[in-house]
Number of protein chains: 2
Amino acid sequence: MCSSIDDCDLAILANESSRMTVADGRSFIEEGAPANDFFVVTGGRVKLFTLLPDGRRQITGFAEGGHFLGLAASTSYAFGAEALGGATLCRFPHAGMQRLTERFPNLEHRLREEASRELALMQARMTLLGRKTARERVATFLIERCQHLEKPDLSHPVELDLPMPRTDIADYLGLTIETVSRILSAFKKEKLISIRSITHITLLMPERISTIAEGME
Amino acid sequence: MCSSIDDCDLAILANESSRMTVADGRSFIEEGAPANDFFVVTGGRVKLFTLLPDGRRQITGFAEGGHFLGLAASTSYAFGAEALGGATLCRFPHAGMQRLTERFPNLEHRLREEASRELALMQARMTLLGRKTARERVATFLIERCQHLEKPDLSHPVELDLPMPRTDIADYLGLTIETVSRILSAFKKEKLISIRSITHITLLMPERISTIAEGME
DNA sequence: CGCAGGTTTGAACGCAGTCAAGGATCGTGG
DNA sequence: CCACGATCCTTGACTGCGTTCAAACCTGCG
């Protein structure tokens, strides 16, 4: 987001924001709470989720460095947010953000772009949740992780680090941890991936996994 | 959207847009096609969807009068769109829209609000698709329909008109038509609803249905 | 070493899907 | 006006995928 703002204006920006750090597992946005701030993730990772009254949870996204949070909110937040292994954030009160958009008109455009990008992602995720099989979901998740790397290249084996526990993967994919675990084991048995440790997975045949992800087996 | 623009400026607006009518079932946005236009639904209804290669379909939303389409697109559309019983639209080429946002700065803000509203809706829909049971999904759908009425009031019976076929309801909820049909029949048997005709349904106990929708049975 | 948390694996169940037949409803043409 | 066919919807019987319940297995840490 900062890319849309001149260097010499960083002081103004800093003036409207405050930095904060959130410890692992600590929640910093409460679903349904009055939405007073925007956030930018500056370090670490964050998970966004919504809850049902009985505790069922849907993780709606993972956010990392540079990600913008709080667009999916009018007066109250439509989601909760929690640090995933510690995170640092920039907090922008709505009022301050409004001053910024008046000062930097193209910032508003930038925010819309961010929202559009997010919308497009969510469309794909709805298809995943509504129409894909468990195998396809896990495959999609692995490919998504690849594309978050700096150099996404599916023509060679890819080493992945999954910073989130299985519980989070399951709640992200609309599955149970057992199903996620079983399917990862199946992929391993099929020599599609190798599991070096719980968090460290190598995609041995990324393109085949991508094919599975698209539902073309 | 037009509410953010002065009456006397309508001419400028009209100059940048063109009207079009789409016949029932006719597609006017092709998923993946280059995104050159925004659309505003001015009459009738429209369904938005994404497809998997083998034909599985997820309907990501229904849009009616006043709704804005095309925000979930960067260079190419992230969804397809099709008229539902005939619709009229306003088409705004991206270039023209840019001229409009330069002329009316608060339009950009308006677009972001629209995107935010849509994002919040999608969060809820992801929870529906990822974590709700079939019963809860159908109940949620019925309640959603209530809230699209001008006077949403769940304390008395509500008459609903469902303009879309069962196929669309199923693809919207991530279910099959059989399941949707069975659950509507079950609701009827439980005296929660009455089915006057295929499209005309009365919620006899809206609050109980709302309770089911939230997963609190 | 022993405990605790998360993960994997196994066995059985159940919800929603699939397959298939029967019913409505509507438009069309004889 | 009714018969016919097409299309959509409902209902039933059965299957199967993913869940549930439960036990074993790591892995790190006091």
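Per chain, numbering begins at 1; letters A, B, ... match sequence-line order.
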(request) Please work out if Ser197(B) contacts a base, only the sugar-phosphate, or nothing of the nucleic acid, heavy-atom cut-off 4.0 Å. (result)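 Answer is nothing: Ser197(B) stays at 4.0 Å or more from every strand.
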
(request) Select base, sugar-phosphate, or nothing to describe what Leu184(B) touches, counting heavy atoms under 4.0 Å on all strands. (result) nothing

Under 3.5 Å, side chain of [X] to main-chain N/O of [Y], donor-acceptor pair present?
{"X": "Ser210(B)", "Y": "Pro206(B)", "answer": "no"}
{"X": "Thr211(A)", "Y": "Met216(A)", "answer": "no"}
{"X": "Arg131(A)", "Y": "Thr50(B)", "answer": "no"}
{"X": "Arg137(A)", "Y": "Lys132(A)", "answer": "yes"}
{"X": "Asp37(A)", "Y": "Phe39(A)", "answer": "no"}

(request) Can you see which heavy atom on Leu71(B) is nearest to which on Ala115(B), and at what distance? (result)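 Shortest heavy-atom separation between Leu71(B) and Ala115(B) comes out as CD1-N, 3.8 Å.
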
Roughly, in whole Å, what's the span from [atom1] in [X] to [atom2] in [N]?
{"X": "Leu173(A)", "N": "dC17(D)", "atom1": "CG", "atom2": "C1'", "value": "16 Å"}
{"X": "Leu84(A)", "N": "dG6(C)", "atom1": "CG", "atom2": "C1'", "value": "15 Å"}
{"X": "Arg166(B)", "N": "dG23(C)", "atom1": "CZ", "atom2": "P", "value": "19 Å"}
{"X": "Glu217(A)", "N": "dC17(D)", "atom1": "CD", "atom2": "P", "value": "12 Å"}
{"X": "Arg135(B)", "N": "dG14(C)", "atom1": "CZ", "atom2": "C1'", "value": "16 Å"}
{"X": "Asp168(A)", "N": "dT7(C)", "atom1": "CG", "atom2": "P", "value": "9 Å"}
{"X": "Ile177(A)", "N": "dG5(C)", "atom1": "CD1", "atom2": "P", "value": "14 Å"}
{"X": "Ile183(B)", "N": "dT10(D)", "atom1": "CD1", "atom2": "P", "value": "12 Å"}

(request) Please report the C-alpha distance between Thr127(B) and Gln123(B) in whole Å, then the side-chain angles of each, then the deciding distance to 0.1 Å, and finally whether the side-chain contact (heavy atoms from CB on, under 4.5 Å) criterion is met. (result) CA-CA 7 Å; Thr127(B) 309; Gln123(B) 306 251 11; 5.7 Å; no

Residues 183-192 of chain A, side-chain donor-acceptor partners within the protein, below 3.5 Å, at least two apart:
unit_1    : atom_1 : unit_2    : atom_2 : d
Ser185(A) : OG     : Ser181(A) : O      : 3.0
Glu190(A) : OE1    : Arg135(A) : NH2    : 3.2
Glu190(A) : OE2    : Arg135(A) : NH1    : 2.9

(request) Examine dT8(C): is either OP1 or OP2 under 4.0 Å from a nitrogen or oxygen in the side chain of Ser185(A)? Give yes or no. (result) no

(request) Respond yes when some side-chain nitrogen or oxygen of Thr176(A) is under 4.0 Å from OP1 or OP2 of dT19(D), and no when none is. (result) yes

(request) Would you mind telling me which of Gln58(A), Lys47(A), Arg125(A) makes a side chain to side chain donor-acceptor pair (under 3.5 Å) with Tyr172(A)? (result)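 Among Gln58(A), Lys47(A), Arg125(A), the one that satisfies the side chain to side chain donor-acceptor pair (under 3.5 Å) with Tyr172(A) is Arg125(A).
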
(request) For side-chain contact (heavy atoms from CB on, under 4.5 Å), just list the numbers for Met122(B) and Leu121(A), CA-CA rounded to whole Å, side-chain angles, deciding distance to a tenth of an Å, and then say yes or no. (result) CA-CA 11 Å; Met122(B) 285 213 178; Leu121(A) 285 177; over 6 Å; no

(message) By nearest heavy atom, map Lys132(A) and Met164(B) onto DNA chain D; which one lands nearer the 5' end?
(response)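 Nearer the 5' end of the strand: Met164(B).
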
Is there any protein nitrogen or oxygen under 3.5 Å from a nitrogen or oxygen in nucleotides 12-14 of chain D, and what are the pairs?
unit_1  : atom_1 : unit_2    : atom_2 : d
dG12(D) : N7     : Arg182(B) : NH1    : 2.9
dG12(D) : O6     : Arg182(B) : NH2    : 3.4

(message) Go nucleotide by nucleotide along DNA chain C from the 5' end; which of Arg131(A) and Val180(A) gets its closest nucleotide reached first?
(response)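 Its nearest nucleotide lies further toward 5', so the answer is Val180(A).
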
Between N or O atoms, less than 3.5 Å apart, protein on one side and nucleotides 27-30 of chain D on the other: list the pairs.
none

(request) Kindly point out which of dT19(D), dT9(C), dT11(D) is positioned nearest to the side chain of Thr179(A)? (result)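 Between dT19(D), dT9(C), dT11(D), the one nearest the side chain of Thr179(A) would be dT19(D).
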
